[in-house]
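The block underneath contains the structure these notes are about, expressed in structure tokens.
One-based numbering along the sequence shown. In each ligand, atom 1 is the first atom listed, and ligand 1 is the first ligand listed.
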Amino acid sequence: MTRTLLVINGPNLDMLGTRQPEIYGHATLADVERLCRETCDELGVELDFRQSDSEAEIMGWIKAARRTAAGLLINPAGFTSTSVAILDALLIFEGPIIEVHISALFRRDAFRHPSLVSKAATAKIEGFGIEGYGFALRKLAALG
Ligand code: DHK
């Protein structure tokens, strides 16, 4: 059976391309999905690509992924520093998890530095723009 990798994008990532391009670049979420799809096609794995502004919806997807996904990429976006609930859901997932941030958080506002979800992550990639997604998927395919 073909393995599936789940990519979850958190709040406001649907606005990529128009949202603070000096920080997030000009690529849209559709460009990110295309990059992920090409990478997964090359790796011979299925892609399940999602975005939500809702913490509850994201938690539901993570919990359902226990039965459907071999690995999980999450960009928790604005929930990174606030969501114990997303951390708790990720701790239930048994496969590898890679946390991805497009921007370099360590160069930005101090309130963005702490990540509550990292405790559940196998690894974290930040500051490589949308290319971080491709790298993370390659690693997930190798680990999952
Ligand atoms: C995306 C966001 O929406 C912000 O809330 C994070 C992250 C950074 C990113 O770089 O992908 O602080």
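For the pair Gln51 (side chain) and Gly10 (backbone), a donor-acceptor distance under 3.5 Å is present. In this structure a side-chain-to-backbone donor-acceptor pair under 3.5 Å is missing from His26 to Thr18. Asn75 places no side-chain N or O within donor-acceptor distance of the main-chain N or O of Asn9, the cut-off being under 3.5 Å. Formation of a donor-acceptor pair under 3.5 Å by the Arg3 side chain with backbone atoms of Ala141 is found in this model.
Within 6.0 Å of CZ in Phe135 there are 12 or fewer heavy atoms belonging to other residues, nucleotides or ligands.
For the residue pair Glu46/Thr4, the side-chain donor-acceptor check at 3.5 Å is not satisfied.
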Please give the N or O to N or O pairs under 3.5 Å between ligand 1 and the protein, distances rounded to 0.1 Å.
unit_1: ligand 1; atom_1: 3 (O); unit_2: Arg19; atom_2: NH1; d: 3.0
unit_1: ligand 1; atom_1: 3 (O); unit_2: Arg19; atom_2: NH2; d: 2.8
unit_1: ligand 1; atom_1: 5 (O); unit_2: Gly78; atom_2: N; d: 3.2
unit_1: ligand 1; atom_1: 5 (O); unit_2: Arg112; atom_2: NH1; d: 3.3
unit_1: ligand 1; atom_1: 10 (O); unit_2: Ile102; atom_2: N; d: 3.1
unit_1: ligand 1; atom_1: 10 (O); unit_2: Ser103; atom_2: N; d: 2.8
unit_1: ligand 1; atom_1: 10 (O); unit_2: Ser103; atom_2: OG; d: 2.6
unit_1: ligand 1; atom_1: 11 (O); unit_2: Asn75; atom_2: ND2; d: 2.9
unit_1: ligand 1; atom_1: 11 (O); unit_2: Ile102; atom_2: N; d: 2.8
unit_1: ligand 1; atom_1: 12 (O); unit_2: Arg112; atom_2: NH1; d: 2.9

